[in-house]
Amino acid sequence: MNEINDNLFNDDTKPDSPSIITAPSIKVDSNNNSNIEDSEKMDLIELPKKPASAYISVVLICLMVAFGGFIFGWDTGTISGFVAQTDFKRRFGQVSGDGQYYLSKVRTGLMVSIFCIGCAIGGISFSKLGDVYGRKIALVIVTTVYIVGIVISIASINKWYQYFIGRIISGMGVGGITIYSPLLISEVSPKHIRGTLISCFQLMITLGIFLGYCTNYGTKTYTNSVQWRVPLGLGFAWALFMVVAMFMVPESPRFLIEKGRFEEAKRSIARSNRVSIEDPAVQAECDLLTAGIQSERATGEANWKELFSPKGKILHRLIMGIMLQSLQQLTGANYFFYYGTTIFKSIGLEDSFQTSIIIGIVNFASTFVGIYFVERFCRRRCLLWGAIGMICCFVVFASVGVTKLWPAGPNHREISSKGAGNCMICFTCFYIFCFSTTWAPIAYVIVSETFPLRVKAKGMSVSVAANWIWNFLISFFTPFITGAINFYYGYVFMGCLVFSWFFVFFYVPETKGLTLEEVNDMWLEGVLPWKSANWVPPSRRDESYQANALTHDDKPWYKSIF
């Protein structure tokens with residue numbers, strides 16, 4: 001097989017000419033680990049790479065699946081404006097001593113962040129749906145749950161706890177969506193553009209955030225419930241589109257093979273890779289998936305306990321998934337997304353909604369760069385450099401906010417420095433660029449590629465649940481923390497980013513250019529993360545390859561940084 005080039009679609013092979021690879025047979029040892037047996041090999045025909053133009057229909061399919069991210073982003077973008085809308089505060093807030101309506105820090109934190117608790121509950125509760133009914137039907141079910149939550153919220157009149165309950169239920173639906181959208185994309189997309197297509201989920205999130213900001217800006221001039229009910233109603237419409245779209249996309253071939261529906265699996269593979277169902281490569285791919293599934297079945301039915309077992313390095317992968325998703329939140333991105341309007345009011349801007357739209361544009365546009373980076377450069381390298389960039393941005397943002405924003409001191413916030421405020425906005429945009437091009441999409445990409453099929457939905461649900469829990473903690477406590485320490489809060493996120501850099505370097509392996517089965521083989525071989533970029537799957541090795549060189553270190557780790 002030809003080496004995978006750095007360029008996204010370029011390949012020296014002819015677009016329609018399949019390559020012959022040698023795939024090892026798979027056996028299960030007494031410790032329930034899949035081993036590679038080099039002595040027994042069979043020739044398989046690999047699915048061919050094609051020019052970018054040949055994958056337009058595949059991209060459209062994955063965009064429809066990734067639209068679940070738009071639903072999540074829409075909620076994030078709109079709720080940040082709701083808490084600043086006059087009618088929203090009049091209906092669900094409290095009255096101050098001077099007769100003004102306001103939302104207390106507790107109520108604001110709960111109404112914004114309880115959505116995340118619902119997401120964590122939904123992600124774990126619905127993790128079995130995909131294994132029983134399939135990824136597509138699971139997405140339909142969880143999106144329907146989201147619709148129920150939206151109906152409860154939009155029907156609220158003046159009881160904040162009714163809106164609160166609707167937020168929990170809609171959060172449960174989104175929690176399921178954030179599991180099954182990346183999961184389905186990872187299982188139907190061709191391996192050489194898998195990272196790019198999974199990143200489309202993050203692209204849809206940023207598009208939802210941006211359009212949510214724009215909608216809030218368009219409704220802020222109204223004085224009635226149009227301010228917040230129109231954005232909620234549009235969220236209902238997006239969810240209906242998602243349900244309809246699910247009947248137009250192929251099911252996961254891995255799920256179909258697991259259920260014994262081989263002909264449907266072949267059609268799904270052929271459709272995703274733009275080849276005829278009679279193509280020998282389709283049967284070869286089907287056989288390869290079947291072999292992997294049979295080896296997993298030999299170890300018995302998966303259960304929740306298996307996630308915490310060191311056998312097969314499942315526990316190691318779970319720890320990595322939990323930490324990676326947690327650290328994505330601890331980068332501090334939602335500090336800006338949830339409370340963008342509030343933050344920029346504090347630095348003296350008259351119309352903070354306009355600044356939120358600017359952030360939304362930067363976030364959305366930067367994600368296109370991230371989609372290019374995820375296949376052009378290694379996953380690990382993007383995460384490492386992204387962390388460094390965000391560290392620098394937070395140093396400037398927090399330092400300027402602490403020392404220069406209020407010349408007369410934080411007790412005299414009515415006097416603020418315009419130059420300092422502009423500097424903080426500028427570095428906020430730099431930060432959003434660094435986040436959107438690296439940690440935002442790649443955390444989902446790596447987690448969706450890491451777990452073996454038998455525990456994939458469960459592993460992803462627990463990992464993403466950690467993301468939601470930290471999302472809740474940050475969004476709930478941010479009003480209290482910023483009220484106490486102001487922009488010193490930025491130094492907290494900076495410290496988390498420093499830790500993130502070291503965690504990625506020492507714990508996260510490179511998965512670029514590998515099939516999901518090859519990723520599993522790499523974990524089982526115990527390859528050192530900082531050497532994983534040089535790992536070659538057993539099916540592509542020649543006699544000169546030395547696997548042992550990647551499982552122990554013979555030089556200082558810092559020489560592997562670049």
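Minimum interatomic distance between L514 and P537 (heavy atoms only, all atoms of both residues): CD2-CG, 3.7 Å. Minimum interatomic distance between V464 and Y444 (heavy atoms only, all atoms of both residues): CG2-CE2, 4.5 Å. Considering every non-hydrogen atom in both A120 and A465, the closest pair reads CB-O, 4.0 Å. Heavy atoms only, all atoms of each residue included: I179 and A457 are closest at CG2-O, 4.3 Å. L327 approaches S500 most closely through the heavy-atom pair CD2-OG, 3.4 Å. When all heavy atoms of L63 and M204 are compared, the pair lying nearest together is CD2-CE, 3.7 Å.
C496 contributes atom SG, which lies 11.5 Å from atom CD of Q329 (distance to the nearest 0.5 angstrom). Put simply, CD1 on I432 and OG on S366 are 8.0 Å apart, with the number rounded to the nearest 0.5 Å. Note: Q328 CD to T438 OG1 = 9.5 Å, rounded to the nearest 0.5 Å. In this structure, I185 CD1 and S252 OG are separated by 12.0 Å, a value rounded to the nearest 0.5 Å. Atoms CE and CZ, on M390 and F493 in that order, are 12.0 Å from each other to the nearest 0.5 Å. With rounding to the nearest 0.5 Å, the separation of CG in L256 from CZ in R135 is 9.5 Å.
For the pair S181 (side chain) and V65 (backbone), a donor-acceptor distance under 3.5 Å is present. For S186 (side chain) and E449 (main-chain N/O), no donor-acceptor pair under 3.5 Å exists by modelled atom type. Proximity of a side-chain donor or acceptor of W439 to a complementary backbone N or O of L383 within less than 3.5 Å is detected. No donor-acceptor pair closer than 3.5 Å links the side chain of Q283 to the backbone N or O of E278. Of the possible polar contacts, one joining the E251 side chain to the K136 backbone as a donor-acceptor pair under 3.5 Å is found. Remark: side-chain polar atoms of S436 are not paired, donor with acceptor, to backbone N or O of F433 under 3.5 angstrom. In this structure, T206 contributes its side chain and L203 its backbone to a donor-acceptor pair below 3.5 Å. Under the 3.5 Å distance criterion, the side-chain polar atoms of R254 are left unmatched by any main-chain donor or acceptor of L289. Of the possible donor and acceptor atoms, none in the side chain of S199 sits under 3.5 Å from a partner among the backbone N and O of I371. Of the possible polar contacts, one joining the K259 side chain to the D131 backbone as a donor-acceptor pair under 3.5 Å is found.
F115 and F72 have parallel rings, their planes meeting at less than 30° on a 0 to 90° scale where 60° marks the start of perpendicular. Ring-plane geometry between F364 and F368 is classed as perpendicular, the angle between the planes exceeding 60 degrees on a 0 to 90 degree scale with a lower cut at 30. Classified by interplanar angle (parallel below 30°, tilted 30° to 60°, perpendicular above 60°), the ring pair F70/W238 is perpendicular.
Looking only at side-chain heavy atoms (C-beta outward), K266 and E285 stay at 4.5 Å or farther from each other. Between N363 and F210 the shortest side-chain heavy-atom distance does not fall below 4.5 Å. Using a 4.5 Å heavy-atom threshold, the side chains of P452 and I314 count as touching. Contact annotation: the side chain of I137 never approaches that of L129 to less than 4.5 Å [non-hydrogen atoms, C-beta and beyond]. The shortest side-chain heavy-atom distance between V508 and M323 does not fall under the 4.5 Å cut-off. F255 has its side chain out of reach of L184: every pair of non-hydrogen atoms, C-beta onward, lies at least 4.5 Å apart. Counting only heavy atoms from C-beta outward, the side chains of I474 and L330 approach each other to under 4.5 Å. Between W535 and E510 the shortest side-chain heavy-atom distance does not fall below 4.5 Å.
Heavy-atom contacts from other residues, nucleotides or ligands closer than 6.0 Å to OH of Y507 number more than 12. Atom CH2 of W470 is surrounded by 12 or fewer heavy atoms from other residues, nucleotides or ligands within 6.0 Å.
A salt bridge links K456 with E187; the closest basic N to acidic carboxylate O contact falls under 4.0 Å.
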Determine whether Y180 and M460 satisfy the following criterion, side-chain contact (heavy atoms from CB on, under 4.5 Å), listing intermediate values before the conclusion. CA-CA 9 Å; Y180 289 114; M460 287 186 65; over 6 Å; no
One pair to check against side-chain contact (heavy atoms from CB on, under 4.5 Å): T437 and Y372. What are the steps and the verdict? CA-CA 9 Å; T437 54; Y372 173 75; over 6 Å; no
Decide side-chain contact (heavy atoms from CB on, under 4.5 Å) for M320 and W523; before the verdict, give the C-alpha distance in whole Å, the side-chain angles of both, and the deciding distance to 0.1 Å. CA-CA 12 Å; M320 188 204 73; W523 275 96; 3.7 Å; yes
Can you check side-chain contact (heavy atoms from CB on, under 4.5 Å) on I147 and L240, steps first, answer last? CA-CA 8 Å; I147 291 173; L240 288 177; 3.8 Å; yes
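With ring centers used as reference points, W468 lies 6.0 Å or more from F472.
The only option from I209, L211, I205 that meets the side-chain contact (heavy atoms from CB on, under 4.5 Å) definition with L207 turns out to be L211.
Listed by first and then second residue, the side chain to side chain donor-acceptor pair (under 3.5 Å) pairs involving residues 137-147 amount to none (not counting sequence neighbours).
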